[in-house]
Amino acid sequence: MEATDWRFVKKRTADSDGAVYVSPDGQRYRRTGGESLRAEAAFQRQLADLGYPVPQLLEEGVTGDGHVFVVEQSLGEHTLHDLAVSSLDGGRVLSDEVVDLAGQVSARLLLAQAAHPVDPAPGLLREWVEQAGFTANVFKENPDLDTARTHAALGKALDTLDSVPLSRGHLDYGLPNVLPAGVIDWQHHGVVPLGYDVLPTFEVVPFKGGNKGYTATAAQRQRFLSVLDEASESVTGQTVSQHLGAYLLVKALFFLALMRPTDPARADKYLKWQYRRHLFAKGLEQYERTGEVDTSLFPTLDDFAVRHRAGDHS
């Protein structure tokens with residue numbers, strides 16, 4: 001099939017000049033990019049061999065203009081994010097069907113990860129924190145957060161995760177990358193402690209600000225976590241949800257990365273940056289006290305904006 005027969009879908013975030021295309025029959029996807037795509041394809045091929053729920057790679061090579069390309073099977077047209085949005089009925093609460101689908105796919109991924117642990121090595125957990133939390137970027141943009149207090153909390157998280165199995169992870173897992181048949185877009189892959197990918201799936205929704213999109217109820221979040229705990233206990237003898245607080249502390253850093261506005265005149269960007277800083281501070285305080293992070297206590301972006309403009313920065 002000629003490259004011109006493929007329909008453009010979107011640009012790739014991992015490659016400035018990369019893109020995603022779909023075949024006319026919708027059964028294959030073609031991605032282009034640089035050397036990072038070659039590494040991603042090798043990683044995804046390894047995952048497929050290990051039984052991970054990922055697309056099978058069908059073809060790979062180099063285009064005439066020097067771009068790397070890969071062709072993979074389609075896992076379907078609609079992600080769980082698409083299904084979540086389409087299921088909303090005038091409100092913002094997710095349908096139970098979407099939550100249960102997310103639980104099924106997440107459990108499949110978790111079981112595959114648990115079945116093929118990565119050999120532990122000194123420094124791997126710390127590398128995960130730095131990669132998943134973009135800590136170098138966060139501390140560069142927010143030097144006032146690069147403190148003994150922050151590092152003590154991260155050290156506490158690492159201590160609690162010391163005995164957790166390590167696995168090959170996605171690092172950007174969420175409903176936009178999940179379909180009923182499996183998980184796509186492994187461009188940010190790495191080694192993660194078991195459960196990091198899947199546990200925060202619905203817990204991170206409050207980081208988005210709460211003024212658009214969808215949300216999950218406390219009961220839905222608990223049912224989702226229970227599915228993952230059941231899967232984890234079946235193979236490791238331990239629940240994974242006990243580590244959610246440590247994972248959300250790292251996620252708070254992730255959501256703060258690359259947020260500082262470069263244009264001082266962009267008041268909206270500045271407000272969102274301050275909002276994410278506030279959420280990190282709230283999460284840090286909670287984790288210090290309890291070892292957990294309760295995202296249901298996070299303010300919405302609108303509520304924060306009202307208080308912030310009134311001079312209340314607490």
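- Hydrophobic clustering, with ILVMFWY side chains joined whenever heavy atoms are under 4.5 angstrom apart, keeps Leu111 apart from Leu101.
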Go through it in stages, so that I can follow the logic: the residues are Arg126 and Leu158, the test is side-chain contact (heavy atoms from CB on, under 4.5 Å), and I'd like the CA-CA distance, side-chain angles, deciding distance and then a yes or no. CA-CA 7 Å; Arg126 188 162 296 277; Leu158 289 175; 3.2 Å; yes
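- Taking each heavy atom of Val70 and Ala41 in turn, the nearest pair found is CG1-CB, 3.6 Å.
- Of the possible polar contacts, one joining the Gln44 side chain to the Pro55 backbone as a donor-acceptor pair under 3.5 Å is found.
- By the side chain to side chain donor-acceptor pair (under 3.5 Å) test, Ser296 pairs with Asp294, sequence neighbours left out.
- In this structure, Arg38 pairs ionically with Glu35, as a charged nitrogen and a carboxylate oxygen lie closer than 4.0 Å.
- The closest donor-acceptor contact from the side chain of Gln220 to the backbone of Leu94 lies under 3.5 Å.
- Looking at His243 and Leu161, their side chains come closer than 4.5 Å, going by heavy atoms from C-beta outward.
- Although no hydrogens or angles enter the test, the distance criterion places no donor-acceptor pair under 3.5 Å between the side chain of Thr215 and the main chain of Arg92.
- Every residue two or more places apart in sequence or in another chain was checked for a side chain to side chain donor-acceptor pair (under 3.5 Å) with Trp128, and none qualifies.
- Side chain of Arg260 to backbone of Asn142: no donor-acceptor contact under 3.5 angstrom is found.
- At distances below 3.5 Å, not a single donor-acceptor pair connects side-chain atoms of Glu40 with backbone N or O atoms of His189.
- You'll find the side chain of Asn177 stays beyond 4.5 Å of the side chain of Trp186, heavy atoms only.
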Begin from the C-alpha positions of His151 and Phe139 and carry the test ring pair (Phe, Tyr, Trp, His ring centres under 6.0 Å) through to its verdict. CA-CA 11 Å; His151 290 285; Phe139 293 147; 5.1 Å; yes
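- Considering only residues two or more places apart in sequence or on other chains, Thr300 meets the side chain to side chain donor-acceptor pair (under 3.5 Å) condition with Asp303.
- Taking Thr63 as the reference, Asp65 meet the side chain to side chain donor-acceptor pair (under 3.5 Å) condition, with sequence neighbours excluded.
- Cluster membership check: Leu37 does not share its hydrophobic cluster with Leu171, using side-chain heavy-atom separations under 4.5 Å among Ile, Leu, Val, Met, Phe, Trp and Tyr.
- Residues forming a side-chain contact (heavy atoms from CB on, under 4.5 Å) with Asp263 (at least two apart in sequence, or on another chain): Ala265, Arg266.
- Taking the side chain as every heavy atom from C-beta outward, Arg277 and Asp144 approach each other to under 4.5 Å.
- With values rounded to the nearest 0.5 angstrom, Arg289 atom CZ is found 10.5 Å from Leu284 atom CG.
- Counted within 6.0 Å of CD on Glu292, heavy atoms from surrounding residues, nucleotides or ligands total 12 or fewer; the atom is thus considered open.
- Hydrophobic clustering places Tyr196 together with Phe43 (ILVMFWY residues linked when any side-chain heavy atoms are closer than 4.5 Å, directly or through intermediates).
- Judged as a side chain to side chain donor-acceptor pair (under 3.5 Å), the pairs with a partner in residues 101-115 (not counting sequence neighbours) are, in order, Ser106-Tyr173, Gln113-Asp197.
- For Leu258, the side-chain contact (heavy atoms from CB on, under 4.5 Å) test picks out Asn137, Glu141, with sequence neighbours left out.
- Across all their heavy atoms, Pro193 and Val164 have their closest contact at CB-CG1, 4.1 Å.
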Take Asp5 and Ser23 through the side-chain contact (heavy atoms from CB on, under 4.5 Å) test and state the conclusion after the steps. CA-CA 7 Å; Asp5 294 333; Ser23 62; over 6 Å; no
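- When every heavy atom of Pro200 is checked against every heavy atom of Tyr247, the shortest pair comes out as CG-CB, 4.3 Å.
- When side chains are defined from C-beta on, Gln131 does not count as touching Val191, because their heavy atoms never get closer than 4.5 Å.
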Give the table of side-chain donor-acceptor pairs shorter than 3.5 Å for residues 45-53, with sequence neighbours excluded, one pair per line with atom names and distance.
residue	atom	partner	partner atom	Å
Arg45	NH2	Glu60	OE1	3.1
Arg45	NH2	Glu60	OE2	2.1
Tyr52	OH	Arg168	O	3.3

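- Smallest separation of non-hydrogen atoms from Leu194 and Ala114: CD1-N, 3.8 Å.
- Nearest heavy-atom pair, Leu88 versus Gly213, reported as atom, atom and distance to 0.1 Å: CD1-O, 3.9 Å.
- Shown here for Phe202 and Ala102, the closest heavy-atom pair between the two residues is CZ-CB, 3.7 Å.
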List the atom pairs, with distances to 0.1 Å, where a side-chain N or O of residues 223-233 and a protein N or O form a donor-acceptor pair under 3.5 Å, not counting sequence neighbours.
residue	atom	partner	partner atom	Å
Arg223	NE	Asp100	OD1	3.0
Arg223	NH2	Asp96	OD1	3.4
Arg223	NH2	Asp100	OD1	3.3
Ser226	OG	Gln222	O	2.9
Ser226	OG	Gln222	NE2	3.4
Asp229	OD1	Val240	N	2.9
Asp229	OD1	Ser241	N	2.9
Asp229	OD1	Ser241	OG	3.2
Asp229	OD2	Ser241	OG	2.6
Ser232	OG	Thr236	OG1	3.2
Ser232	OG	Gln238	O	2.6

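- By the side-chain contact (heavy atoms from CB on, under 4.5 Å) test, Glu59 pairs with Phe69, Val71, sequence neighbours left out.
- Side-chain atoms of Val204 and Leu248, non-hydrogen and from C-beta on, do get closer than 4.5 Å to each other.
- Using a 4.5 Å heavy-atom threshold, the side chains of Leu253 and Leu154 count as touching.
- Cluster annotation: Val198 and Leu166 are assigned to the same hydrophobic cluster (Ile/Leu/Val/Met/Phe/Trp/Tyr, side-chain heavy-atom contacts under 4.5 Å, transitive).
- Annotation: cation-pi pair Lys272/Tyr275 absent, no NZ/CZ under 6.0 Å from the ring centroid and within 45° of its normal.
- With Phe207 as the aromatic partner, Lys251 does not meet the cation-pi criteria of under 6.0 angstrom to the ring centre and within 45 degrees of the ring axis.
- Counting only distance, with no hydrogens or angles, the side chain of Arg276 and the backbone of Phe255 share a donor-acceptor pair below 3.5 Å.
- Pro261 meets the side-chain contact (heavy atoms from CB on, under 4.5 Å) test with Lys269, Tyr270, Trp273; sequence neighbours excluded.
- When side chains are defined from C-beta on, Leu271 counts as touching Phe304, because their heavy atoms get closer than 4.5 Å.
- Ring-plane geometry between Phe8 and Tyr21 is classed as perpendicular, the angle between the planes exceeding 60 degrees on a 0 to 90 degree scale with a lower cut at 30.
- Leu249 places a side-chain heavy atom less than 4.5 Å from the side chain of Phe280.
- At a threshold of 4.5 Å between side-chain heavy atoms, the hydrophobic network of Ile, Leu, Val, Met, Phe, Trp and Tyr places Val98 and Leu179 in two separate groups.
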Quick one: side chains of residues 79-86, donor-acceptor pairs under 3.5 Å with protein atoms, not counting sequence neighbours, listed by atom name and distance.
residue	atom	partner	partner atom	Å
Thr79	OG1	His81	N	3.3
Thr79	OG1	Asp82	N	3.1
Thr79	OG1	Asp82	OD2	3.3
His81	ND1	Tyr214	OH	2.8
Asp82	OD2	Thr79	N	3.0
Ser86	OG	Asp82	O	3.2
Ser86	OG	Leu83	O	3.0

